[in-house]
Visitor: 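The structure under discussion is supplied below as structure tokens; questions concerning it will follow.
In this text the structure is predicted, and so the values were computed from the model without any measurement.
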Protein chains: 2
Amino acid sequence: MTQVFKQPASPKQAARRRSRLDSLLDPELFRALADPTRSKLLACLIKCSRPCSVTEIAQCCDLDFSMVARHLATLARSGVLTANKQGRTVWYQAPPDLAARFRAIADAIDELTPTDCCEGDCCG
Amino acid sequence: MTQVFKQPASPKQAARRRSRLDSLLDPELFRALADPTRSKLLACLIKCSRPCSVTEIAQCCDLDFSMVARHLATLARSGVLTANKQGRTVWYQAPPDLAARFRAIADAIDELTPTDCCEGDCCG
DNA sequence: AGTATACTTGCATTGTGACGCAAGTATTCA
DNA sequence: TGAATACTTGCGTCACAATGCAAGTATACT
């Protein structure tokens with residue numbers, strides 16, 4: 001009995017229902033990932049699994065250095081990367097809770113999805 | 001021993017490594033969710049957990065009907081909604097595998113993240 | 001056939017974001 | 001103190017996406 005609420009009768013009613021999903025489905029997060037360059041940078045940082053400087057990262061892609069710096073700052077602003085300034089270099093890294101952030105979205109969706117217990121005829 | 005690969009020495013090496021994550025971190029998916037109106041529409045459809053027509057859905061939001069139709073088409077094109085045309089009405093619905101899509105991203109990230117087995121001094 | 005319904009498409013406007021270049025700031029090193 | 005390094009910011013250009021309105025298409029209903 002995952003489903004402890006009544007199904008809304010209409011989309012209008014559904015839109016009024018508050019849920020964890022509302023905050024998790026954050027456009028700001030997705031906007032950060034919507035740019036192909038940024039999504040590649042993020043993938044790169046995840047694979048690296050250690051703090052990397054902008055200079056290092058800029059060597060991955062054929063892009064103006066200032067653009068790389070801006071993209072990384074954008075990713076950090078949306079919480080998809082952590083930034084750590086030490087002296088004159090900024091160390092960017094994928095935060096440990098990044099996977100959890102996506103898993104939370106998945107969980108929130110599941111939470112709102114009625115489990116189809118009636119496949120076959122078990123619920124006669 | 002989740003980590004069966006060597007850590008890349010540099011972001012440049014990391015960028016070359018192929019991973020499931022590369023295709024899962026799809027900018028097209030995120031671009032669809034990056035618009036606040038669209039993310040609200042999607043949340044609405046998830047909460048509704050049944051097929052809804054454009055007319056029904058348009059009553060949720062203070063937006064031109066044609067825009068709602070366009071947004072829903074965009075979401076469907078990116079695979080975040082399914083569209084089913086019957087007669088003159090189109091039924092949109094959040095697909096059953098939507099949560100799985102986000103969970104797959106989470107899993108792919110975990111797969112690339114070395115498990116920190118050395119907390120404390122166990123690996124001394 | 002004619003009308004209403006449900007959606008799609010064309011179009012003009014407007015805003016925003018990606019981009020490169022150049023200049024600026026902050027920190028380190030000699 | 002001066003120069004090099006590592007980033008940040010300002011600015012102009014360009015492309016594209018969101019929006020509303022109006023017109024078009026496809027389907028159902030009478």
Visitor: Go through D:dC7, D:dA18, D:dA22 for me and flag the one nearest to the B:D35 side chain.
Guide: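 Of all the options, the side chain of B:D35 is nearest to D:dA18.
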Visitor: For D:dC7, does OP1 or OP2 lie under 4.0 Å from any side-chain N or O of A:T55?
Guide: yes
Visitor: Verify the contact: side-chain N or O of A:R31 to OP1 or OP2 of C:dT16, cut-off strictly under 4.0 Å; return yes or no.
Guide: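 So the side-chain polar atoms of A:R31 never come under 4.0 Å of the phosphate oxygens OP1 or OP2 of C:dT16.
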Visitor: Do the side chains of B:R18 and B:D22 get nearer than 4.5 Å, heavy atoms only?
Guide: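 Sidechains of B:R18 and B:D22: in contact.
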Visitor: Main chain of A:Q93, side chain of A:T82: is a donor-acceptor contact present, judged purely on distance under 3.5 Å?
Guide: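 Yes; at least one donor-acceptor contact below 3.5 Å.
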Visitor: Does B:H71 place a side-chain N or O at less than 4.0 Å from the phosphate oxygens OP1/OP2 of D:dA17?
Guide: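 Result: no.
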Visitor: Assign B:T37 to base, sugar-phosphate, or nothing according to its heavy-atom contacts below 4.0 angstrom with the strands shown.
Guide: sugar-phosphate
Visitor: Check every atom of C:dA18, D:dT8, C:dA6 against the side chain of A:R38 and return the nucleotide holding the closest atom.
Guide: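 So the nucleotide nearest the side chain must be C:dA18.
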Visitor: What is the nucleic acid contact for A:S53, judged by heavy atoms within less than 4.0 Å: base, sugar-phosphate only, or nothing?
Guide: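 Sugar-phosphate contact only.
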Visitor: Compare every heavy atom of A:P95 with every heavy atom of A:L81, then report the nearest pair and how far apart it is.
Guide: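 So the two residues come closest at CA-CD, 3.9 Å.
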Visitor: So which nucleotide from D:dA6, D:dT8, D:dG20 ends up closest to the side chain of A:R88?
Guide: D:dA6
Visitor: Out of C:dT8, C:dA18, D:dC21, which nucleotide sits closest to the side chain of B:F65?
Guide: C:dT8
Visitor: Please give, in whole Å, the distance from C:dT13 P to B:D64 CG?
Guide: 18 Å
Visitor: Of the candidate nucleotides C:dT8, D:dT19, D:dT8, which contains the atom at the shortest distance from the side chain of A:V90?
Guide: D:dT8
Visitor: Counting the atoms with a prime plus P, OP1 and OP2 as sugar-phosphate, which does B:R70 contact under 4.0 Å by heavy atoms, base, sugar-phosphate, or nothing?
Guide: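 Touches a base.
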Visitor: CE of B:M67 versus P of C:dG15: gap in Å, rounded?
Guide: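 Computing the B:M67:CE to C:dG15:P distance gives 16 Å.
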Visitor: Under a 3.5 Å distance rule, please check whether A:R38 uses its side chain to pair with a backbone N or O of A:A32 as donor and acceptor.
Guide: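 At least one qualifying donor-acceptor pair exists.
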